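Both backbone and side-chain heavy atoms feed into the values below; hydrogens, waters and symmetry mates do not. The shown structure was predicted, so the numbers you read here are calculated from the model rather than taken from an experiment. Protein chains get the first letters and strands the later ones, always in sequence-line order, with residue 1 at the start of each.
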There are 2 protein chains.
Amino acid sequence: MSNLAKPNLRRRARVEINECGMAQSAFVFGDKWILLIMREAFYAVVRFEDIQKDLSIPRAILTNRLGRLIDLGIMTKQPYQEAGARVRHSYHLTLKGRKAFKILAAMMEWGDEYLIQNPKMQIVDGTTKSHLRLGLINELGQEVPQKQIALEPKR
Amino acid sequence: MSNLAKPNLRRRARVEINECGMAQSAFVFGDKWILLIMREAFYAVVRFEDIQKDLSIPRAILTNRLGRLIDLGIMTKQPYQEAGARVRHSYHLTLKGRKAFKILAAMMEWGDEYLIQNPKMQIVDGTTKSHLRLGLINELGQEVPQKQIALEPKR
DNA sequence: TTATCTAGGTTCAAATGTCAAACTTAGCAA
DNA sequence: TTGCTAAGTTTGACATTTGAACCTAGATAA
C-alpha cells in the first residue's frame with residue numbers, strides 16, 4: 001500500500017474513433033480470417049480451394065470474407081482458364097491491398113519475436129536478398145528509435 | 001473469354017500456420033476490440049471507465065479483452081491510489097505490448113491513406129517533431145521500395 | 001447417354017460470442 | 001444512513017461461427 005505506482009492518469013484529449021486511421025483500420029483488420037486470407041494472398045495462394053485447405057477456414061466464412069475484401073477494394077476476383085477446364089476464378093490483392101503489406105510485416109516481426117520458436121520465412125530485398133525489417137523513418141531518411149517517438153495532433 | 005488473365009497459379013510451398021509469426025499474430029491482433037484497447041493504451045488512456053466510454057465497448061467485453069491482453073503479457077494491471085479515494089487499477093502496456101507499436105502504426109498509415117478524410121494525429125520524433133513513417137530497411141539502414149521486396153524461406 | 005469429378009460455392013442446426021441494460025461490490029463522503 | 005463512483009458481473013435476446021452435408025456447372029470417362 002505504501003509504494004503503489006503513481007502513473008500519470010491525466011487523460012489525453014480523446015481522439016474520435018471516426019477521425020482516427022488507426023481505429024478505422026481496426027474495423028477492417030480486426031478479424032483473424034481477414035488477416036489470414038491476406039497472408040495467403042501475399043504468399044501467392046489465390047484459389048478458393050487452396051486458401052480453404054491452408055487455413056482450414058469454414059467455406060461459408062471464406063466466401064463471406066472474400067466478399068468483404070472485394071467490397072473494400074483490397075482484393076479482386078479474376079477469371080482464368082486452364083487447358084481442358086472451364087473458366088474459374090482467383091483472388092488477388094489490389095494496390096490498396098498490397099499497400100497493407102507493412103501491417104502484415106509488422107505482425108510477422110512481432111509474432112516471430114514473441115510467438116514462434118524459429119521462424120521459417122523472412123522479408124528480403126528481392127534483388128540483393130538482404131534481410132529487411134520495419135523501422136520508423138524521419139524526413140531525412142534516418143531511423144528513429146522507439147523510445148523517442150510520440151503521437152501528436154497535426155499542426 | 002479470349003483475353004482472360006493468366007496469373008501464375010503455381011502455389012508456393014505451404015507455410016504452416018503454427019510456424020508463421022504472421023499467422024500467429026493474426027490470432028492475437030485479429031480482433032477489433034484488442035486493437036482498439038491497445039490504441040487507447042498508446043493514447044495513454046489507462047482506466048476501465050475511460051476506455052469504456054471512449055470506445056463504447058460493452059463492459060463485459062472490455063473485462064474479457066483486458067484479461068486476454070494480461071494473459072498474453074501485452075498489458076499489466078496496476079494498483080494506484082488518488083487522494084481521498086480507495087485503491088484502484090489502471091492498465092498499461094508492457095514492453096511486449098509497446099513492441100507492437102509498429103503494427104498499430106502501419107494500420108494508422110493505411111487508414112489515414114484509405115479510410116480517413118483528413119487525419120488529426122501523426123507519429124513524430126518526440127524531440128525534433130519530425131514526422132515519421134514506416135519503411136522496410138535493409139542491413140545497411142537504407143529503405144527498400146515496396147515492389148522490390150519478397151517473402152522467402154530462411155537460408 | 002449416363003455417371004463421375006472438381007472448384008466454388010449454399011444451406012443447415014448447434015455452439016459460441018456479442019450486446020445493452022440492470023445489478024453488485026467496496027470504500028469514501030455527506 | 002444514504003448516496004456516489006470505479007470496476008466489474010449477470011442476464012437474456014440476438015448475431016456469428018462452425019463442421020458437415022448438399023448443390024451446381026462444365027469437363028471428361030464408360
How far does CD1 of B/Ile137 sit from CD of B/Glu143, to the nearest 0.5 angstrom? 7.0 Å
Could you state the CG-P distance from B/Asp50 to D/dG8, rounded to the nearest angstrom? 13 Å
Can you tell whether the side chains of A/Arg59 and A/Glu49 come within less than 4.0 Å, N to carboxylate O? yes
Within this structure, what is the CZ-to-P distance between B/Arg88 and D/dT5, rounded to whole angstrom? 11 Å
Position toward the 5' end of DNA chain C (nearest nucleotide), B/Ala60 or A/Ala60: A/Ala60
Find the distance B/Arg65:CZ to D/dT9:P and express it as a whole number of Å. 14 Å
NE2 of A/His131 to NZ of B/Lys154, rounded to nearest 0.5 Å, is 6.5 Å
Without decimals, in angstroms, what is the distance between B/Asn64 CG and D/dT10 P? 13 Å
For B/Thr63, give me all partners under side chain to side chain contact (heavy atoms under 4.5 Å, CB included), at least two apart in sequence or on another chain. B/Phe48
For D/dT16, does OP1 or OP2 lie under 4.0 Å from any side-chain N or O of A/Trp33? no
Starting at the 5' end of DNA chain D, which residue's closest nucleotide do you reach first, B/Arg59 or A/Ile61? B/Arg59
Comparing B/His89 and A/Arg68 on DNA chain D - which has the more 5′ nearest nucleotide: B/His89
Rounding to an integer number of Å, can you tell me how far B/Ile57 CD1 sits from D/dG8 P? 12 Å
Quick check for you: name the first and last nucleotides of DNA chain C, 5' to 3', having an atom under 4.0 Å from a heavy atom of chain A. C/dT6 to C/dT11
Spacing between A/Phe48 atom CZ and D/dT24 atom C1', to the nearest angstrom: 14 Å
Nearest-Å distance for atom pair CD1/P, residues B/Ile70 and D/dG8: 8 Å
I'd like to know if B/Glu109 and A/Lys102 make a salt bridge, using a cut-off of under 4.0 Å between side-chain N and carboxylate O. yes
Rounded to whole angstroms, how far apart are CD on B/Gln81 and P on D/dA6? 15 Å
Do B/Glu152 and A/Lys129 sit within salt-bridge range, that is, some charged N less than 4.0 Å from a carboxylate O? yes
Using a strict cut-off of less than 4.0 Å between a Lys/Arg side-chain nitrogen and an Asp/Glu carboxylate oxygen, indicate whether A/Arg88 and A/Glu82 qualify as a salt bridge. no
B/Tyr91 side-chain N/O to D/dG8 phosphate OP1/OP2 under 4.0 Å: yes
